[in-house]
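Structure first, commentary second.
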Amino acid sequence: MTKLWGGRFQKTAEQWVDEFGASISFDQKLVLEDLQGSMAHVTMLSSCKILPQQDADLILSGLQTLQKKAENGELEYSVSNEDIHLNLEKLLIDEIGPVGGKLHTGRSRNDQVATDMHLYLKNRVTEIIELIEAFQSAIVEQAETHVETVVPGYTHLQRAQPISFGHHLMTYFWMLQRDKERMQESLKRIEVSPLGAGAMSGTSFPIDRELSAELLGFSGVYQNSLDAVSDRDFILEFLSNSSMLMMHLSRFAEEIILWSSEEFRFIELDDTFSTGSSIMPQKKNPDMAELVRGKTGRVYGNLFGLLTTLKGLPLAYNKDMQEDKEGMFDTVHTLMGSLPIFEGMIRTMNVNTASMEKAVNSDFSNATELADYLAAKGMPFREAHDVTGKLVFTCIQRGYYLKDLPLEDLQAASTLIEDDIYETLLPQTAVKRRNSLGGTGFDQVHHQLGLAKKLIG
Ligand code: ARG
């Protein structure tokens, strides 16, 4: 088949060479964006009197026909037409005749493909922001139910201090809030139109780039034609923001997996988000959380892949840049799968408050309370730390916890200790009293929830 660009060629490549160079197998995902870009372009060409109205109308109606066919999955692409842009141009010419060839006036595939990618990400990022927010609302819901559920908080994965489980969950809300803000902020750089930059240097036709940008819902245009066609920062930024988001999901996944283990038993995932084993009848596996944790690697890989592809590329467009798409599509797909999975998993998980209560009453996570108690009574904190540490050591040797120490033993360690220490050592008291701004105190968690709810509207 002769190529749309075949004029200066004497020979045609063999099919397998065409196949190697083609991107149609994956860039057909851009079909609607490509048609949208073409419609804006032709509307602009006619408004600037570069194309007669009649030709533009014909082209527009041809593009609309292709759009309907695309929506119904009726378009047939061919590898010999290389990519979605040439395929659509060929289909347009088949549809309306040689006048279809006028569409490419004052445009190149280089600004065309960049425009498609901007449009694609503009739409997907907006959808991803909504998915993040839906997930945030699931977290708020669980956190609200468990403001007063006390669990051990960890550092170094060692019991540290008792905290509100709602407080713990809300940590992920704030991570996601930053992820959402980063996505929102990136739209500023996504919603910029490269259209009209041509192959690299602009065009001699009296085009109106601002008009086509406006028709496409972009808020501005690239100010340098070389930059317009060679910039892929907006994709890198998306991949980087996505990597951070996946890293957050992966940390959450890890906790879900730990909490579901027999060793913790803090939560039980709903059956609908768990799987069984083909051999071990007792198993209930947190597969979905594990998968999200696993997929994080792919998303990082996509970021590093594109960073490496772009490294050292001379200006302006290079065919290397065709490699920008699969990782981006894969990342969008991964995010759009992972976020609703997590949302559902968190919304439906069962929180085992009895296990949590048992855990928090059988550890030394209240040791800081004792040290603080002494410090509040005037003992230098460093000394209070030492006195408490020695009492902890005594308990470990005797096989019990601070709350089990008789008052005489406590008073032998420090005469500052009185009977009210036992109330102080209760995990509930410990949490309630941590009422510093942003602390785990119940009042603070309620305050935090109030702020969070405003952020998800
Ligand atoms: N399929 C190409 C890509 O995805 C489109 C741009 C091709 N431009 C070119 N001059 N070969 O990057």
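Counting starts at 1 for both ligands and their atoms, following the listed order.
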### Residue selection (non-hydrogen contact nearest atom 10 (N) of ligand 1) among Asp27, Asn110, Asp83
Asn110
### Summary
Short version for Gln112: what comes under 4.0 Å of ligand 1, heavy atoms counted, is neither
#### Entry: Spacing of CG belonging to Asp320 relative to CG belonging to Leu313, to within rounding of 0.5 Å
4.5 Å
#### Entry: Numbered atoms and elements of ligand 1 in range of Lys325, under 4.0 angstrom, heavy atoms
3 (C), 4 (O), 12 (O)
## Note on the structure
So OH of Tyr172 and CD1 of Ile346: to nearest 0.5 Å the spacing works out to 9.0 Å
### Message
Within ligand 1, which atoms have a heavy atom of Gln322 less than 4.0 Å away?
### Response
1 (N), 2 (C), 3 (C), 4 (O), 12 (O)
### Task
Number the atoms of ligand 1 from 1 as they appear, then name those within less than 4.0 Å of a heavy atom of Ser23, with their elements.
1 (N)
### Query
Atoms of ligand 1 less than 4.0 Å from His85 heavy atoms?
5 (C)
### Task
Could you tell me the separation between the CZ atom of Arg434 and the CZ atom of Phe442, rounded to the nearest 0.5 Å?
12.0 Å
### Task
Inspect the contact between Lys188 and Glu191 and indicate whether a charged nitrogen and a carboxylate oxygen are less than 4.0 angstrom apart.
no
### Query
Does any N or O atom in Tyr317 lie less than 3.5 angstrom from one in ligand 1, N or O only?
yes
### Query
Which protein heavy atom lies closest to atom 11 (N) of ligand 1, and at what distance to 0.1 Å?
Arg109 NH2, 3.5 Å
### Task
Cation-pi check, Lys325 to Phe26: give yes when NZ or CZ is under 6.0 Å from the six-membered ring centre and within 45° of the ring axis, no otherwise.
no
### Message
Between Leu176 and Asp179, is there a side-chain heavy-atom distance shorter than 4.5 Å?
### Response
yes
